[in-house]
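Input: a single structure, listed below in structure tokens.
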Amino acid sequence: MATNQWKFASLDDIVFEHRNKAYGAYDLRQHYGRHTRTALWMGIVLFVGALAIPSLIDQLKPAEQEVYMDEVKFEQLPPPEKTETPPIVTPPPAQQVEVPQVRDLPPLVTAEAPDETTVPTVDDLEKAAPSDKTVEGDPNAGEMIEAPSTAAGPTVVEKAIEVEKKEEEPLLFVEQQPEFPGGPAAMYEWLSKNMKYPPAAARSNISGKVYLSFVVNADGSIVDEQVTKGIGFGCDEEALRVVKKMPKWRPGKQSGRPVRVKFNLPIVFALE
């Protein structure tokens with residue numbers, strides 16, 4: 001008895017015996033294992049890639065530039081030139097002008113007539129004033145006219161004029177300069193904490209000095225802040241914003257009295 005030997009190579013041959021193997025299902029079953037392995041490896045690759053994308057982005061992203069304030073310093077305007085005050089000359093006291101006088105005594109009844117009696121004439125009295133003695137004075141003294149003590153006409157009531165008190169102009173140089181609380185080092189630290197580098201300047205790699213001027217009042221407050229020379233890209237506005245936020249300074253003094261002082265302050269924006 002002959003034995004039946006299986007000549008089929010796989011399960012697919014048994015399933016598709018006496019069937020049309022040209023049909024697509026047979027081909028799919030033939031390559032199913034390979035397709036399954038390919039799909040598995042593709043899933044693993046995509047999963048690992050999804051996990052690695054954030055790390056790749058961090059590596060490809062350019063490092064952020066470190067921003068710092070490179071320099072903060074004071075610059076004072078030169079002191080004004082000293083001008084010599086001319087000496088005050090005191091005018092000499094006015095000399096008293098003496099009016100010419102002629103002796104003209106009143107009539108006096110006596111028992112005996114005097115040896116010599118001088119009686120002034122009309123001409124003498126026109127040129128000199130009668131007196132008990134004869135004095136030679138300035139003949140033009142009689143022409144001086146004194147101002148009347150009261151003015152003619154209706155009485156004028158004077159009205160007090162209110163004068164508006166003007167704020168004193170700020171000084172450029174004083175004996176004791178205004179100072180940030182704690183000194184320049186404290187001011188540098190305060191500016192470094194409050195100053196932010198403008199994004200537009202950082203993207204465009206802009207650096208330079210922004211020159212500011214402001215007035216320190218007698219009470220230490222900061223007023224009249226303005227940019228005298230800027231570099232743009234938001235640096236001018238940022239420097240002005242921070243200066244306006246400054247706390248009160250110790251005011252400057254002149255002769256021991258607090259006064260208003262004008263200050264110039266350059267702030268350097270630099271990228272490292």
Side-chain angles (χ1 to χ4, degrees), residues 42 44-81 167 169-253 258-272:
M42 289 181 63
I44 293 173
V45 170
L46 291 176
F47 180 75
V48 174
L51 294 178
I53 285 176
S55 300
L56 293 176
I57 293 176
D58 291 340
Q59 293 180 1
L60 296 177
K61 184 179 179 181
E64 294 184 356
Q65 295 175 322
E66 185 177 355
V67 178
Y68 75 103
M69 300 306 300
D70 182 56
E71 178 184 356
V72 178
K73 64 180 181 179
F74 294 103
E75 285 188 3
Q76 295 294 331
L77 296 179
E81 297 181 358
E167 193 173 21
E169 293 294 328
L171 302 177
L172 302 179
F173 185 81
V174 291
E175 296 174 354
Q176 183 177 347
Q177 294 294 330
E179 189 177 33
F180 186 88
M187 186 195 69
Y188 172 78
E189 182 179 359
W190 188 90
L191 287 176
S192 299
K193 291 180 179 179
N194 292 272
M195 191 80 69
K196 297 179 181 178
Y197 214 100
R203 289 193 300 267
S204 303
N205 197 23
I206 298 298
S207 60
K209 283 185 180 181
V210 176
Y211 291 87
L212 301 173
S213 69
F214 53 88
V215 175
V216 182
N217 276 332
D219 61 353
S221 58
I222 305 297
V223 295
D224 298 340
E225 309 91 344
Q226 58 182 344
V227 177
T228 57
K229 184 179 180 182
I231 57 176
F233 291 87
C235 296
D236 306 347
E237 293 78 5
E238 177 62 16
L240 197 61
R241 180 190 70 82
V242 175
V243 169
K244 288 182 177 181
K245 288 179 57 179
M246 278 188 174
K248 284 189 175 182
W249 286 35
R250 285 194 288 268
K253 293 184 179 180
V259 292
R260 304 177 76 230
V261 182
K262 187 172 184 179
F263 244 91
N264 287 337
L265 175 65
I267 298 180
V268 176
F269 288 81
L271 291 171
E272 185 179 66

Open item on the list: Is the ring pair Phe269/Tyr197 parallel, tilted or perpendicular, if the boundaries are 30 and 60 degrees?
Closed with: perpendicular
TODO: For the pair Glu225 (side chain) and Leu212 (backbone), establish whether a donor and an acceptor sit closer than 3.5 Å, ignoring hydrogens and angles.
DONE: no
Open item on the list: Counting C-beta onward and ignoring hydrogens, is there a side-chain heavy-atom pair between Val216 and Ile222 closer than 4.5 Å?
Closed with: yes
- [ ] Could you tell me the separation between the CZ atom of Phe180 and the CD atom of Glu189, rounded to the nearest 0.5 Å?
- [x] 9.5 Å
TODO: Please check if the side chain of Thr228 supplies one atom and the backbone of Ser213 the other of a donor-acceptor pair under 3.5 Å.
DONE: no
TODO: Looking only at non-hydrogen atoms, find the nearest pair between Arg260 and Ala218 and report the distance.
DONE: CG-N, 4.1 Å
TODO: For residues Pro181 and Lys248, report the shortest heavy-atom separation together with the two atoms involved.
DONE: CG-O, 3.1 Å
Open item on the list: Could you report the tightest heavy-atom contact between Leu240 and Gln226, atom names first, then the distance?
Closed with: CD1-N, 3.8 Å
TODO: Could you pull out the closest heavy-atom pair between Cys235 and Val210, with the gap in Å?
DONE: CB-CG2, 4.1 Å
Open item on the list: As an exercise, state the distance from CE of Met195 to OH of Tyr188, rounded to the nearest 0.5 Å.
Closed with: 10.5 Å
Task: Separation between NZ of Lys253 and CG of Leu171, rounded to the nearest 0.5 Å - done: 15.0 Å
- [ ] Could you tell me which non-hydrogen atom of Arg241 sits nearest to which non-hydrogen atom of Asn194, and how far apart they are?
- [x] NH2-O, 3.2 Å
TODO: Can you measure from CD1 (Ile231) to OH (Tyr211) and round to the nearest 0.5 angstrom?
DONE: 10.5 Å
Task: Pairwise side-chain contact, Met246 with Met187, heavy-atom cut-off 4.5 Å (strictly under) - done: yes
- [ ] Would you give the length of the straight line joining atom CG of Leu172 to atom CG of Asn264, rounded to the nearest 0.5 angstrom?
- [x] 8.5 Å
TODO: Specify the closest pair of heavy atoms between Gly252 and Val261, including all atoms of both residues, with the distance to one decimal.
DONE: CA-CG2, 4.3 Å
Task: Under 3.5 Å: donor-acceptor pair, side chain of Asp219, backbone of Ser221 - done: yes
Task: Crowding at CD, Glu175 (>12 non-hydrogen neighbours, <6.0 Å) - done: yes
